[in-house]
Amino acid sequence: GAGVSQSPSNKVTEKGKDVELRCDPISGHTALYWYRQSLGQGLEFLIYFQGNSAPDKSGLPSDRFSAERTGGSVSTLTIQRTQQEDSAVYLCASSQNEGQGGETQYFGPGTRLLVL
Amino acid sequence: AQSVSQHNHHVILSEAASLELGCNYSYGGTVNLFWYVQYPGQHLQLLLKYFSGDPLVKGIKGFEAEFIKSKFSFNLRKPSVQWSDTAEYFCAVSGGSYIPTFGRGTSLIVHP
C-alpha cells in the first residue's frame, strides 16, 4: 500500500521567506510526527498530532514554526521568515497509535530545505 | 525526561566482520526501544523493536538487539555484516510518552 509521502522533496528559498511543507500519512494512522534532521545530528522532534487531541508542540524551536493537521489526515508544517539555520531535512512519520507506546513509525522521504 | 546516547558515530568494517552498535538510554520507567535504519537514498525504516517479553529481539536481515535493563542498554548486533548493510542506524526510546527520542545515529560503512 501507499506509504507516507512528503512534498516538495527539495525546497530552496531565500532568507526571510515563508515555506510550507506537506505530509500525507498512511491512511488510517491516527498519529503524525514531524522531525528535523540536521547534518550529523539525530532526529529532532518538532510536533506530534494524535487524533482530535491538541497537538504536542513542545519541540517547535521558535514561534516561526507552526503546523496543522486537517481532517485528521494531511499535515502542513509552516516556517515563517526562514533563517539559514532552518536548513535541514524535515521528516514526517505516522503510526497507528494503539495507546501502548510501542508503535512502529513509518517515515516519509523527507523534504530537504535549503535557506540561502 | 528520556534521552538516548549512541557511542559510535562512524563505524567502518570489512564484509563478514561482526557488528555491535552501542545504545544507552536514560529513563526510569518502562520503555519501548527501537532501532531504525536508513539505507542510502531510502526512507527511515524499522529494523527491530523491544516492547515487552524476551529481551533478545530479532529483526530483519539477521540483526538482533538485547535489552539489558540493569545497564540501560539496547545494543544492536550482527554476526557477519554485508556490503548492503551500509547505512545510518538510529536507536530510539519511548518511555512515558508516545514520542520517541532518537539518538544521533551511527554511520556504518561496510567495505566489500
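Computed from a predicted model, the values in this text were never measured in an experiment. Each chain gets a letter, A, B and so on, in the order the sequences are listed, and its residues count up from 1.
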- [ ] Please examine the side chains of A:Glu103 and B:Phe34, heavy atoms only from C-beta on, and report whether any two atoms are closer than 4.5 Å.
- [x] no
- [ ] Group every Ile, Leu, Val, Met, Phe, Trp and Tyr by side-chain heavy-atom contacts under 4.5 Å, then state whether A:Phe107 and B:Val37 land in the same group.
- [x] no
Open item on the list: Sub-4.5 Å heavy-atom contacts with chain A: which residues of residues 9-19 of chain B show up?
Closed with: none
Task: Within one Ile-Leu-Val-Met-Phe-Trp-Tyr cluster: B:Tyr27 and B:Ile68, side-chain cutoff 4.5 Å - done: no
Open item on the list: To check you understand the geometry: which heavy-atom pair defines the closest contact between A:Thr104 and B:Lys49, and what is its length?
Closed with: OG1-NZ, 3.2 Å
- [ ] State the CG-OH distance between B:Leu46 and A:Tyr106, to the nearest 0.5 angstrom.
- [x] 7.5 Å
- [ ] Treat each ILVMFWY residue as a node, draw an edge where side-chain heavy atoms are under 4.5 Å apart, and state whether A:Val19 and A:Trp34 are in one component.
- [x] yes
Open item on the list: With a 4.5 Å cut-off on side-chain heavy-atom distances among I, L, V, M, F, W and Y, is there a chain of contacts connecting B:Phe102 to A:Leu32?
Closed with: no
- [ ] Output the distance between atom CG (A:Leu91) and atom CG (B:Leu44), rounded to the nearest 0.5 Å.
- [x] 6.0 Å
Task: A:Glu14, CD atom: more than 12 neighbouring heavy atoms under 6.0 Å - done: no
TODO: Supply the atom-to-atom distance B:His43 NE2 to A:Ser5 OG, rounded to the nearest 0.5 angstrom.
DONE: 9.0 Å
Open item on the list: Would you say CG of A:Leu116 has more than 12 non-hydrogen atoms from neighbouring residues, nucleotides or ligands within 6.0 angstrom?
Closed with: yes
TODO: Output the option from A:Gly59, A:Gly108, A:Ala31, A:Ser95 having the highest count of non-hydrogen pairs under 4.5 Å with chain B.
DONE: A:Gly108
- [ ] Taking the side chain as every heavy atom from C-beta outward, state whether B:Phe90 and A:Leu43 have any pair of such atoms under 4.5 Å apart.
- [x] yes
TODO: Counting only heavy atoms closer than 4.5 Å, note whether B:Gln42 contacts chain A via side chain, backbone, both or neither.
DONE: neither
Open item on the list: Tell me whether A:Tyr48 shares a hydrophobic cluster with A:Val4, the cluster being built from Ile, Leu, Val, Met, Phe, Trp, Tyr side chains joined at under 4.5 Å.
Closed with: no
TODO: Answer yes or no: is there a side-chain heavy-atom contact under 4.5 Å between A:Gln105 and B:Tyr36?
DONE: yes
Open item on the list: Is there a side-chain contact between B:Pro100 and A:Tyr33 in this structure, where contact means two heavy atoms from C-beta onward sitting under 4.5 Å apart?
Closed with: yes
Open item on the list: Taking side chain as everything from C-beta outward and backbone as N, CA, C, O, which of these in A:Tyr35 sits under 4.5 Å from a heavy atom of chain B? Side chain, backbone, both or neither.
Closed with: side chain
Task: From B:Ile99 atom CD1 to A:Phe45 atom CZ, the distance as rounded to the nearest 0.5 Å - done: 3.5 Å
Task: More than 12 heavy atoms of other groups within 6.0 Å of B:Asp54 CG - done: yes
